[in-house]
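Just below is one structure, and these are the notes that go with it.
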Amino acid sequence: MDDVDEFSASTVIAWLMYTRETLRRLFYNVRTSPNVNILEICGRQKLETLALAHNSITGVEPNFQRFPCLKSLSLSHVSISALDLSLLLTACPKLESLELVNLEIAMSDAQVTVELSCPTLKSIYVEAISLDKFMLEADSIERLHLRDCALELFELIGIGTLKYFKIDDVSVIHLDIGETIDNLEVVDVSNFTIIWPKFYQMISRSSKLRKLRLWDVAFDDEDEVVDLETIAVCFPQLKHLALSYELRDGVMHYGLQGSSNLENVMVLELGWTVINDLFSHWVEELLKRCPNLRKMIIFGSVSEVKSHEECQILANFTSSIVQLMRKYMNVEVHFEFE
């Protein structure tokens, strides 16, 4: 009942006490006065999914507030200390999926550090969290998604089970997702500034990579350029490639150096933030390098006010794509503008 400002704590407690022995899934998104201790009421029961919002958690006792069957935990707009968060995961011996959204982490000292360990965890999603250090130890982790976060350090400690890595609009100084990431299948990076050599060194051994997305990525070194030859050689099984076009000081990122083809790429996503006449040429060269392409999606940004020159560039681009697609009749083309 999101539209209710505040609920009676006694009523909520009565509902929970009446249903807790058979309850499997609980989605709790309501404010009460006083705060309801969900862990105390629902611990030691058969709960498998818990999504908790607008609540506070204090004094977690893993021996008494244990969730022996819980597989999915979501905390949103929850106030909790770093220690209690760590203890809560300890109290969930079968946890597989974890979501942390806009947590209010209680500060114990000047530096906010979260250290979590969960050997059964397979998927984690973290959004709108600001921390100095975030360290996660998870030997079964397969999916990692960070969004809209500010972190000085993020470190994943595991044994190389990660398959899906997505980072969107994150500020992080030191990022470490482990040395053994040979099983990576999806890398999706957007709205992010990266030191390409270090990032590339992390993912270059991921020969099983199926999807690579580099969108609105800024390079820490202005002279840094990612070329198709590097992508083609390192990721031979790549099936889905998404790149956003950028031209800086006459140098094209995601350059066309080399001659290796992307033999297995079947889906190509290309986009621009500022369009110019070179974009059509870039699209054409990418098409040539993907001989087995089946689908191409072009994303564009169109401002409300257009000068005559900008309109002409857009018109030229449209004409070029029409001519180009006559050569590639087997490729399905979609356009998405914002």
Heavy atoms of other groups near E263 CD, more than 12 under 6.0 Å
yes
Non-neighbouring partners of D188 that pass side chain to side chain donor-acceptor pair (under 3.5 Å), sequence neighbours left out
R213
Please tabulate, one pair per line, all N/O donor-acceptor pairs under 3.5 Å involving side-chain atoms of residues 325-338, not counting sequence neighbours.
from, atom 1, to, atom 2, distance (Å)
E332, OE2, H334, NE2, 2.6

Going by the rule side chain to side chain donor-acceptor pair (under 3.5 Å), which residues pair with T230 if we only count those two or more places apart in sequence or in a different chain?
D227
Residues in side chain to side chain donor-acceptor pair (under 3.5 Å) with S117, at least two apart?
none
Return each pair, listed once, that meets ring pair (Phe, Tyr, Trp, His ring centres under 6.0 Å) where at least one residue sits in residues 41-89; pairs must be two or more places apart or across chains.
H54-H77
Kindly write out the residues that satisfy side chain to side chain contact (heavy atoms under 4.5 Å, CB included) with T49, not counting sequence neighbours, or none if the list is empty.
R25, F27, S72
Check: I181 main-chain N/O paired with S206 side-chain donor or acceptor under 3.5 Å
yes
Partner set under side chain to side chain contact (heavy atoms under 4.5 Å, CB included) for P93, not counting sequence neighbours:
R66
May I ask you to test the I129-V114 pair for a side-chain heavy-atom distance under 4.5 Å?
no
Pairs touching residues 84-98 that satisfy salt bridge (Lys or Arg N to Asp or Glu O under 4.0 Å), sequence neighbours left out:
none
Please name all residues satisfying ring-ring contact (aromatic ring centres under 6.0 Å, His included) with F299, sequence neighbours left out, ordered by chain then number.
W215
Residues passing the side chain to side chain contact (heavy atoms under 4.5 Å, CB included) test with R20, sequence neighbours excluded, are M17, I41, Q45
Taking only residues two or more places apart in sequence, or in another chain, which ones meet S259 in a side chain to side chain contact (heavy atoms under 4.5 Å, CB included)?
none
Residue pairs fulfilling ring pair (Phe, Tyr, Trp, His ring centres under 6.0 Å) with at least one residue in residues 140-175, sequence neighbours excluded
Y125-H145, F134-F154
